[in-house]
Chemist: 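If you scroll down you'll find the structure; I have some questions about it.
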Amino acid sequence: MPRKPMKPCRHPGCPKLTGGMYCEEHAGLHASDRASASVRGYDGRWEKARKRFLKAHPLCVKCMEQGRLVKASVVDHIVPHRGDAKLFWNESNWQALCKSCHDHKTMTEDRYQEFHY
């Protein structure tokens with residue numbers, strides 16, 4: 001069985017060919033890159049829970065606050081879970097949002113990790 005062809009390293013400006021995403025030289029630099037969705041918990045179980053939640057909450061919460069009726073398409077974690085499974089599956093931490101409101105919330109409120117001392 002033939003092997004997959006080698007691909008260029010994804011590190012900007014690196015011409016080396018690799019079997020993965022980065023060459024050996026740059027793999028260490030990108031070790032902390034974001035994990036895949038399934039690794040972060042967004043798997044088949046999440047899809048079922050998401051679908052059920054959106055069926056029960058079909059309208060965007062933020063748009064309803066402004067008097068608009070817009071169909072929700074995203075289940076948002078009110079408090080970012082940052083890998084905490086208990087917070088991830090806590091339905092009281094979920095809200096239904098449209099894509100536009102979710103993107104705005106993520107870029108303004110959830111963008112940076114808050115540290116509490």
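What you see is a predicted model, and the numbers here were worked out from it, not measured in a lab. For this chain, numbers begin at 1 and follow the sequence in order. Keep in mind that the numbers below use all heavy atoms, side chains included, and drop hydrogens, waters and symmetry copies.
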Chemist: Ignoring hydrogens, what is the shortest heavy-atom contact between His57 and Ala96? Give both atom names and the distance.
Modeler: O-CB, 3.3 Å
Chemist: What pair of heavy atoms forms the shortest contact from Cys9 to Cys23, and how long is it?
Modeler: SG-N, 3.3 Å
Chemist: At what distance, to the nearest 0.5 angstrom, does CZ of Phe88 lie from CH2 of Trp46?
Modeler: 5.0 Å
Chemist: Is NZ or CZ of Arg50 both nearer than 6.0 Å to the six-membered ring centre of Trp94 and within 45° of the ring axis?
Modeler: no
Chemist: When rounded to the nearest 0.5 angstrom, what distance separates CG in Leu87 from NE2 in His77?
Modeler: 7.0 Å
Chemist: CD/Glu25 to SG/Cys14 distance, rounded to the nearest 0.5 angstrom?
Modeler: 6.0 Å
Chemist: Under 3.5 Å, is there a donor-acceptor pair between the side chain of His81 and the main chain of Gly83?
Modeler: yes
Chemist: Using a 6.0 Å cut-off, check whether atom CD of Glu24 has over 12 heavy atoms from anything other than its own residue.
Modeler: no
Chemist: Are the side chains of Lys105 and Gln95 in contact, using a 4.5 Å heavy-atom criterion?
Modeler: yes
Chemist: For a 4.5 angstrom cut-off between non-hydrogen side-chain atoms, does Tyr22 reach Lys16?
Modeler: no
Chemist: Go through the steps to decide whether Phe53 and Lys48 satisfy the test side-chain contact (heavy atoms from CB on, under 4.5 Å), and finish with yes or no.
Modeler: CA-CA 9 Å; Phe53 189 83; Lys48 287 179 186 175; over 6 Å; no
Chemist: Quick check: does any side chain N or O of Asp103 sit under 3.5 Å from a backbone N or O of Thr106, one acting as donor and the other as acceptor?
Modeler: no
Chemist: Can you give me the closest heavy-atom contact between Ser92 and Ile78, atom names plus distance?
Modeler: O-CD1, 3.9 Å
Chemist: Could you tell me whether Arg52 and Glu47 have a side-chain N and a carboxylate O separated by less than 4.0 Å?
Modeler: no
Chemist: Could you give the distance from OG (Ser100) to NE2 (His104), rounded to the nearest 0.5 Å?
Modeler: 8.5 Å
Chemist: Could you state the interatomic distance from CG (Asp76) to CD (Glu109), rounded to the nearest 0.5 Å?
Modeler: 8.5 Å
Chemist: Are any of the side-chain heavy atoms of Pro8 and Pro15 separated by less than 4.5 Å?
Modeler: no
Chemist: Between Val75 and Leu54, does the side-chain contact (heavy atoms from CB on, under 4.5 Å) criterion hold? Intermediate values first, please.
Modeler: CA-CA 7 Å; Val75 176; Leu54 288 175; 3.8 Å; yes
Chemist: Distance check, rounded to the nearest 0.5 Å: Cys98 atom SG versus Arg68 atom CZ?
Modeler: 7.0 Å
Chemist: Between His30 and His11, does the side-chain contact (heavy atoms from CB on, under 4.5 Å) criterion hold? Intermediate values first, please.
Modeler: CA-CA 9 Å; His30 298 280; His11 186 80; 2.8 Å; yes
